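Residue numbers start from 1 in every chain, and the chains themselves are labelled A, B, ... in the order their sequence lines are given, proteins ahead of strands. Owing to the predicted nature of the structure, the values given are computational and were not obtained by experimental measurement. Heavy atoms only: backbone and side chains are in, while hydrogens, waters and symmetry mates are out.
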Number of protein chains: 2
Amino acid sequence: MRTTDEPTTALFRALMHPTRLAILDLLRHGEQCVCHLEAHLGKRQAYISQQLMVLREVGLVDDQRDGLNVYYRVINPQVFALIDTARAMLGVAVDTDQADGSQGNCPCPRCSPVTEIVLVS
Amino acid sequence: MRTTDEPTTALFRALMHPTRLAILDLLRHGEQCVCHLEAHLGKRQAYISQQLMVLREVGLVDDQRDGLNVYYRVINPQVFALIDTARAMLGVAVDTDQADGSQGNCPCPRCSPVTEIVLVS
DNA sequence: CCAGTATATTCCATCTTTTGAATATGGCAA
DNA sequence: TTGCCATATTCAAAAGATGGAATATACTGG
């Protein structure tokens, strides 16, 4: 229908998706670049980007460019309370960390500071 | 996808709908019969029933028969906190009452106790 | 300017949700 | 049983979401 609806439904609509929920979980401890999310979620970049677009459109996240990388962050941390309440209702343990098992080697400067480029002669 | 997803997404999926949200709002002050919801929401009975089915399937509401009428109630009131948090995030006023303007004349015994059947000779 | 890297967007086939319409069920009273 | 009332379920068409593939954009370095 999508007519005079409350924006509330749009919010829940955005939270209705496993990957988007996983992305938000990865943003709990501060902003992350797309490559970071990509590495940790094990999904294609374009796909992650699509989901980020949805989160952006409902005003849940904000992006900020830093050189080649784009860093995303949650605008209103209350959304975490929302997710936690939902999980609590269902008896799901609130996993404070990683959304999935994949270790994720994010190559961005913030994740991997230049240290291994020592190349001894 | 719908595979190994968290039940959390199912919860949000159920809350993603304006009519379902309105039904939950009507159940804030205790259980209500279907005709009550029908009267207040101004939607067809079958439609209301469909939405109630969705809410039932995710374990948000419970029903109980009393004669001809079926009364629905919210199982876990925490869901109201969830909705309120969402609305607060969006700056939407938490309307404690009626979901829409329609006055709603519910004919069920609890709403309209037998008083007008006096029929003087 | 050109190439390369990080991210974004568009397009599209497929699957799911939405909602109207018709129909079914369950209970009550006569 | 019959008829009626309240509610539930099923079906199907239209609308919307999902996720893959290709492509576009933005920035950096040479």
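Atom CG in B/Asp63 sits roughly 17 Å away from atom P in D/dA6 (whole-Å rounding). To the nearest angstrom, P of D/dT7 lies 13 Å from CD of B/Gln64. Distance, B/Asn69 CG to C/dA29 C1': 15 Å, rounded to whole Å. Taking atom NZ of B/Lys43 as the reference point, atom C1' of C/dG20 lies 12 Å away to the nearest angstrom. Protein atom CG of B/Leu37 is 13 Å distant from nucleotide atom C1' of D/dA6, rounded to whole Å. Here the P atom of nucleotide C/dT18 and the CD1 atom of B/Ile23 are 12 Å apart, to the nearest Å. Summarising the geometry, the separation between NE2 on B/His17 and P on C/dT17 is reported as 12 Å, rounded to the nearest angstrom. What separates OH of B/Tyr47 from P of C/dT18 is a distance of 8 Å, to the nearest Å.
Proximity of B/His36 to the phosphate of D/dA6: no side-chain N or O atom is located under 4.0 Å from OP1 or OP2.
Nearest to the side chain of B/Met16, among C/dT9, C/dT17, D/dA8, sits C/dT17. Here D/dA26 is the nucleotide among C/dT19, D/dA26, D/dA8 with the atom lying nearest to any side-chain atom of A/Arg65. Of the candidates D/dC27, D/dT7, C/dC28, C/dC28 carries the atom nearest the B/Leu68 side chain, counting heavy atoms from C-beta on.
Residues A/Asn69 and A/Cys33 share a closest heavy-atom pair of CB-CB, 4.2 Å.
Salt bridge absent: B/Arg20 and B/Asp25 never bring a charged side-chain N and a carboxylate O closer than 4.0 Å. Salt bridge status for A/Arg13 with A/Glu57: absent, with no side-chain N to carboxylate O gap under 4.0 Å.
Counting any heavy atom pair closer than 4.0 Å across all strands shown, B/Tyr72 reaches sugar-phosphate atoms only and no base atom. Within 4.0 Å (heavy atoms only), B/Gln50 reaches at least one base atom of the nucleic acid.
Screening A/His36, A/Arg110, A/Arg73 for a side-chain hydrogen bond (donor to acceptor under 3.5 Å, both in side chains) with A/Glu31, the sole residue that qualifies is A/Arg110.
Between B/Leu82 and B/Leu11, some side-chain heavy-atom pair lies under the 4.5 Å cut-off. Between B/Met89 and A/Leu60, some side-chain heavy-atom pair lies under the 4.5 Å cut-off.
Remark: B/Met53, B/Arg56 in residues 51-58 of chain B come within less than 4.0 Å of DNA chain D through at least one heavy atom.
With the nearest nucleotide of DNA chain D identified for both A/Arg44 and A/Gly67, A/Arg44 has the one nearer the 5' end.
Applying the 3.5 Å distance criterion, the base of C/dA6 shares no donor-acceptor pair with the side chain of A/Gln45.
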Give the intermediate values and the outcome of side-chain contact (heavy atoms from CB on, under 4.5 Å) for residues B/Tyr72 and B/Arg56.
CA-CA 9 Å; B/Tyr72 276 84; B/Arg56 227 185 309 130; 3.3 Å; yes
